[in-house]
S.K.: 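Got a structure for you, written out below as structure tokens; questions coming shortly.
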Amino acid sequence: MKMKRYYPWLMAVMGMLVLLVSNGLTVTGLTAFDESLLKDFGWTRSELKLRDLITLVLAGWMAPFLGALIDKVGPRKLILGGIALLAALYAAYAHIHSLAHLYWIHVGFAAVLVAAGLNVAVIFVSQWFATHRGTAIGIALVGTSLGGMVFPKLGVQLMQTMDWRAALLWETAIPLAFLILAFLLVRSPRPGGIQPWGADTLAAKAAAGKPAASSLPDLSYQQAMRTRTFWVLAFVAMTTFFSIMAVASNLFLHMRDLGFEPATAGNGLGLMFGLAMVGKFVFGFLADVLPPKRVFLVNLAIMAAGAVILATLRADLIWYSLALFGLGWGGLYTMIQLLAVNAFGLSSAGKILGTITLLDATTAGLGIWVTAKIFDLTKSYHVAFSLICGLIVLALLAATLVRDERARAPQA
């Protein structure tokens with residue numbers, strides 16, 4: 001009985017593991033292999049990073065369509081299919097022989113990110129929580145940061161005893177093992193089964209004539225698209241996803257340019273994603289006890305401070321910049337998802353979050369490629385990192401316009 005009581009929190013942890021594997025292996029984990037790929041094939045940085053643009057843009061354009069599927073069939077089947085595809089693609093990655101081959105594999109990674117990525121995990125976890133949703137989503141989103149901490153360092157460690165192809169084959173075991181775990185544990189709430197966390201509390205409040213925020217009517221997809229908050233959240237997501245992916249994907253090479261050893265460069269990614277992991281949980285918890293919009297603005301301010309320091313290109317300050325950048329981004333990552341679910345409800349969350357993903361994934365992919373292209377042209381990251389500073393400041397200004405759309409909607 002006690003196990004059933006805390007089952008929703010187990011599902012929050014499963015959401016975390018979904019993102020650990022899917023995002024960690026497709027987005028950040030591969031950066032440890034960049035130097036080896038550039039050396040073996042002689043590609044430019046922008047040619048290599050075009051792979052990420054392909055993955056994220058295609059993931060963005062697939063997201064609204066699969067988002068509608070999430071609303072109809074639920075997340076479990078998508079998660080299992082996405083993780084199975086990831087294992088197959090990682091095995092194929094170990095046998096790449098050309099840019100075209102690389103790019104086709106990253107087309108497949110786009111499907112992985114949509115089927116077993118952010119939107120699915122957020123909706124899956126949100127289904128299990130009527131209260132404390134901010135904390136639960138924060139726990140789930142820790143997975144993306146944990147992947148950034150674990151997998152680049154794992155790749156570096158493996159390549160100390162084997163070549164990059166063998167290392168990729170060894171890492172194929174990770175999605176295979178998780179596929180079995182997900183098959184056994186991942187479930188959505190069903191009538192007559194275990195209730196979402198806090199459902200009894202909300203029912204008691206409603207019986208006492210004290211309706212909670214989650215009892216407000218959900219907005220339809222069309223209604224959400226007509227609100228100011230939807231477009232503000234989309235703009236903030238676009239500018240900040242451009243920034244974080246640009247930095248994360250180029251950080252390993254940037255730190256190598258500054259003279260750091262490969263293991264230390266891997267530690268740089270570990271620090272940034274480690275603080276992001278802390279930020280996701282801490283700020284998710286704070287959003288349950290403080291006004292979420294206030295937490296949202298603080299996250300953006302912290303991230304902007306880190307970006308300013310990073311743009312100086314000073315090796316002695318890089319650790320401070322990565323700590324601030326990661327901490328601010330981690331909380332922001334949680335808040336965008338939480339504010340969207342709170343503002344519009346769960347009924348059309350798949351399509352709403354899918355449309356935001358279409359927009360932010362496109363700019364995230366562009367951030368990776370544009371940053372590498374600017375480096376190819378200028379032989380420096382200064383211009384690209386300065387651009388990132390400007391975008392985050394614009395996001396901070398826009399975020400002041402967020403409001404609670406469900407509370408403003410006409411009541412039935």
Side-chain angles (χ1 to χ4, degrees), residues 19-20 22-24 26-31 49 52-53 55-57 59-60 113 117-119 122 138 141-149 151-152 233-255 268-280 283 296 298-311 318 320-337 356-357 359-372 374 381 384-396 398-399:
L19 293 177
L20 166 69
S22 64
N23 280 45
T26 59
V27 179
T28 51
L30 291 171
T31 59
K49 294 302 180 181
D52 303 292
L53 174 61
T55 293
L56 293 171
V57 169
L113 284 179
L118 177 65
N119 292 351
V122 168
L141 296 187
V142 161
T144 58
S145 300
L146 196 57
M149 290 177 63
F151 293 126
L233 290 176
F235 177 77
V236 173
M238 289 166 68
T239 51
T240 56
F241 272 61
F242 178 103
S243 303
I244 188 64
M245 293 310 302
V247 172
S249 186
N250 288 276
L251 180 62
F252 187 88
L253 294 173
H254 172 56
M255 292 188 69
L269 276 167
L271 174 67
M272 187 171 75
F273 282 99
L275 268 295
M277 179 176 68
V278 172
K280 287 169 186 175
F283 289 111
F296 190 44
V298 170
N299 294 149
L300 279 164
I302 293 172
M303 189 177 176
V308 169
I309 299 172
L310 185 65
I318 193 166
Y320 301 104
S321 69
L322 297 180
L324 290 170
F325 200 84
L327 184 65
W329 163 246
L332 181 66
Y333 199 67
T334 300
M335 294 310 302
I336 290 174
Q337 315 309 315
I356 292 176
T357 298
L359 299 169
D360 67 42
T362 301
T363 56
L366 284 171
I368 294 170
W369 181 79
V370 166
T371 300
I374 290 173
Y381 283 112
F385 290 169
S386 297
L387 172 62
I388 287 168
C389 291
L391 290 174
I392 297 173
V393 170
L394 288 175
L396 176 58

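Quick note: residue numbers are just sequence positions, from 1.
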S.K.: Are any non-hydrogen side-chain atoms of F242 and L387 less than 4.5 angstrom apart?
M.R.: yes
S.K.: Restricting to non-hydrogen atoms, name the atom on L366 and the atom on L53 that form the minimum distance, rounded to 0.1 Å.
M.R.: N-CD1, 3.3 Å
S.K.: For T239, which of I388, L391, L396 qualifies under side-chain contact (heavy atoms from CB on, under 4.5 Å)?
M.R.: L391
S.K.: Checking T363 side chain against M238 main chain: does a donor-acceptor pair fall under 3.5 Å?
M.R.: yes
S.K.: Quick check: do V142 and F273 have side-chain heavy atoms less than 4.5 Å from each other?
M.R.: no
S.K.: Is there side-chain contact between I318 and L310, with heavy atoms separated by less than 4.5 Å?
M.R.: yes
S.K.: Just wondering, do T371 and M245 contact through their side chains at under 4.5 Å, heavy atoms?
M.R.: no
S.K.: Evaluate the side-chain proximity of F325 to L275: yes if any heavy-atom separation is below 4.5 Å, no if none is.
M.R.: no
S.K.: Nearest 0.5 Å, what's the OG1-CD1 distance between T357 and I336?
M.R.: 10.0 Å
S.K.: Is the shortest heavy-atom distance from the side chain of F235 to the side chain of L394 under 4.5 Å?
M.R.: yes
S.K.: What distance separates S321 OG from M303 CE, expressed to the nearest 0.5 Å?
M.R.: 12.0 Å
S.K.: Give me the atom names and distance for the closest heavy-atom approach of S22 to G117.
M.R.: OG-CA, 4.0 Å
S.K.: To the nearest 0.5 Å, what is the distance between CG on L359 and CG on L233?
M.R.: 11.5 Å
S.K.: Kindly compute the distance separating CE (M255) from CG (L269), expressed to the nearest 0.5 Å.
M.R.: 8.0 Å
S.K.: Indicate yes or no: at least one non-hydrogen side-chain atom of T144 is less than 4.5 angstrom from one of T28.
M.R.: no
S.K.: If I take atom CG from residue L146 and atom CG from residue N23, how far apart are they, to the nearest 0.5 angstrom?
M.R.: 12.0 Å
S.K.: Work out which heavy atom in G330 is nearest to a heavy atom in K280; give both atom names and the distance.
M.R.: O-CG, 2.8 Å
S.K.: Tell me the closest heavy-atom pair linking L113 and A59, and the distance in Å.
M.R.: CB-CB, 4.2 Å
S.K.: Answer yes if the ring centres of F283 and W329 are under 6.0 angstrom apart, and no otherwise.
M.R.: no
S.K.: What is the distance from atom OG1 of T240 to atom CG of L300, rounded to the nearest 0.5 Å?
M.R.: 7.0 Å
S.K.: For G274 and M149, which heavy atoms make the closest approach, and how far apart are they?
M.R.: CA-SD, 3.1 Å
S.K.: Using the side-chain contact (heavy atoms from CB on, under 4.5 Å) rule, take T31 and L251 through it: C-alpha gap first, then chi angles, then the decisive distance, then the call.
M.R.: CA-CA 9 Å; T31 59; L251 180 62; over 6 Å; no
S.K.: Can you give me the closest heavy-atom contact between L271 and A323, atom names plus distance?
M.R.: CD2-N, 4.4 Å
S.K.: Are any non-hydrogen side-chain atoms of L30 and D52 less than 4.5 angstrom apart?
M.R.: no
